[in-house]
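Just so it is clear: chains get the letters A, B, ... in the order the sequence lines come, proteins before strands, and each one is counted from 1.
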Amino acid sequence: MAASDQPRRGSGPEPGSSRGARAAFSVERGDGRLLLGGDLGLPVAARLWRDLHTLSRAAPPPRLDLDLGGVAAVDGAAMALLVELRAELATRGIECEIVGASRRLEPLVHLYGGHAPPRLRATPARTGWLERLGRATVDAGRGLELAVAFVGAIVAALGGVLRRPASGNWRAVPSLAERAGIDGVPIVLLLDFLVGFVMGYQSADQLALYGAHAFVADVVGISVVRELSPLMTAIVVSGRSGAAFAAEIGTMRVSEEIDALRTMGFCPVRYLVLPRVAALALVGPVLTLLGDIVGVAGGALVGVIKLDIGPTAYLAELRTAIFPADVATGLVKGAAFGVAIALIGCHHGFATTGGAAGVGRRTTATVVTCLFTIVVLDTLFTVFFRMLGL
Amino acid sequence: MSTPCVLTVEDLSVGWRGEPPLVEHACFEVKRGEVFGLLGGSGSGKSTLLRCLVGLEEPLAGRLDVLGAGPPRLDATRPRYGVMFQAGALFGSLTVGQNVALPIQRWTDLPRAAVATVVRSKLRLVGLEDAEHKLPAALSGGMRKRAAIARALSLEPDLLFLDEPSSGLDPVTSAELDVLIVTLQRALGLTVVLVTHELGSIFDIVDRCALLDRQARCVVAIGTPRALAASADGRVSGFFRRASGGA
């Protein structure tokens, strides 16, 4: 052995050393080869991998063989690592063969492709910002295409139902409305009450500075009825029903139930989407109205306990502040938010691919899209209603 | 007089747009009253081909005629064929009876009591009369497949498409399902198109079959299972060798 190529020993335990929980193996640098010995297996794979890299890092071209002459046993994981190292060395221009395997080990070498020419590792192409931007644009375009196709399908289904109302799956509406509405009442009531209470509490101090504490009823009333109740209700409905619609329809899609519907002659949009849209269009205003009542009650409680305004006086002030148009704008928002949530949930459900993980992704996307859409719609409605003088 | 064809496939190519076709230039005919198998290994495109045959996907090219009515059109007229999907595709929120009743309610004006009678008769055919009020989740894998067959039969189809009916079943249940399929096919005079790679099903119930090959991306052989098993073509004999557990 050349003096410049003195054997170097890896960090693995010595062959024949104590074989407790840690199996014994050895790796040494020999003349143009790495000499492996002992038991190579999953329990020592991490150390084996580190040692192989340490000892092969400084290996000069043109050749470094992996000598299994001293190996007593090797499992699939270790063999996979040896084959991988061989490919890495080949990529660096170093020839490498797995040599010295006993007849017992040869089948495993063959099974893992250790006898075949190594596959050179392609250097992963770096993705530039322009390419990422392009991919994102293409993805966004595909998403838009899906959304437009979905809207088209909705319009077609709606046309069909308007021509023949009996062809709609209206029997599903009551149970969907029950799940989305009645089951969601407690959380909507609690949230809207708390929002009204907090609104009253925050505004009471500010109004008291100007001696205008009686106007807390006006502030709370208008805020709750026109903005907060529809918004809070829609947020709850998004989390409950929007996500549920996406998950239900997404699961039906990945388990071929929607395909089954189609082969039985059903239009899935007419059968699944329109009842959900109808259910939330009904439920949205009802929940919003309930939210109005408890939100105003929350503000009234602040008036009573903090500002010494009696319930009768509070209601009298409220009557001067809130007009039917205020309530109506809130209810219109409630219905529109309900329709938007149902459409978004169903759209994401129909766009689901990729099994359970795909359902999870689409459910999350539904909630995010719903929240964004609700805020945008709310802004548009607010401007629109003000332009109409409502 | 020759037996009329209920399914004609001419020069059909199937796959996903923007990707290489999974199957190209497929040509075969399915005669009335036969059990026709679409065979092939995993990824050979047999399920995608089936989706085209039932109208769930558009073919990339070629011509297709189902029951003399041209390409299948969904949601247009009462389907004259039934489809059983690989995992059953029963609606989890509906009972077995409601699943079977669904297409009947969609396409007929039968009163509720009459629908229930028809449903019970279908469930009796597949040996599930006791499961009418159970949810699919309460059924075993074999029972779910039977329920899916009952639903596929609900509109009195002339043609039945079955996508891997034996998948996920133990050998005994699988053999029982094969017996059920043959019994129904003979008793009801059905034509059956069956996607499978189960050798037992192929030899027990298939009259003729087409073998798809992933590498060749086409139908490499058509004939009776025994003729194909004896084929000198390496791709054909290789499939049967692999399907029987050989190397």
Review point. Chain B contacts: which residues in residues 133-155 of chain A have a non-hydrogen atom closer than 4.5 Å to it?
Key: none
Exercise for review: Measure B/Pro103 against the heavy atoms of chain A and call it side chain, backbone, both or neither at under 4.5 Å.
Suggested key: both
Practice item. Can you check whether anything in residues 242-257 of chain A gets within less than 4.5 Å of chain B, heavy-atom wise, and list it by number? Key: A/Met252, A/Ser255, A/Glu256, A/Glu257
Review point. Does CD belonging to B/Glu58 count more than 12 external heavy atoms closer than 6.0 Å?
Key: no
Check your understanding: From B/Phe91 CZ over to A/Leu272 CG, what is the distance, rounded to the nearest 0.5 angstrom?
Key -> 8.0 Å
Review point. With a 4.5 angstrom heavy-atom cut-off, which part of B/Gln105 approaches chain A: side chain, backbone, both or neither?
Key: side chain
Check your understanding: Can you find a heavy atom in the side chain of B/Phe161 that is under 4.5 Å from one in the side chain of A/Thr263?
Key -> no
Check your understanding: Under 3.5 Å, side chain of A/Arg262 to main-chain N/O of B/Leu74, donor-acceptor pair present?
Key -> no
Practice item. Would you name the heavy atoms of B/Phe85 and A/Ala260 that are closest together and state the gap between them? Key: CE1-CA, 3.3 Å
Review point. Taking all atoms of both residues into account, what is the closest heavy-atom pair of A/Met264 and B/Arg106, and its distance?
Key: O-CG, 4.3 Å
Review point. Within a strict 4.5 Å, meaning less than it, do heavy atoms of the A/Leu261 and B/Leu102 side chains meet?
Key: yes
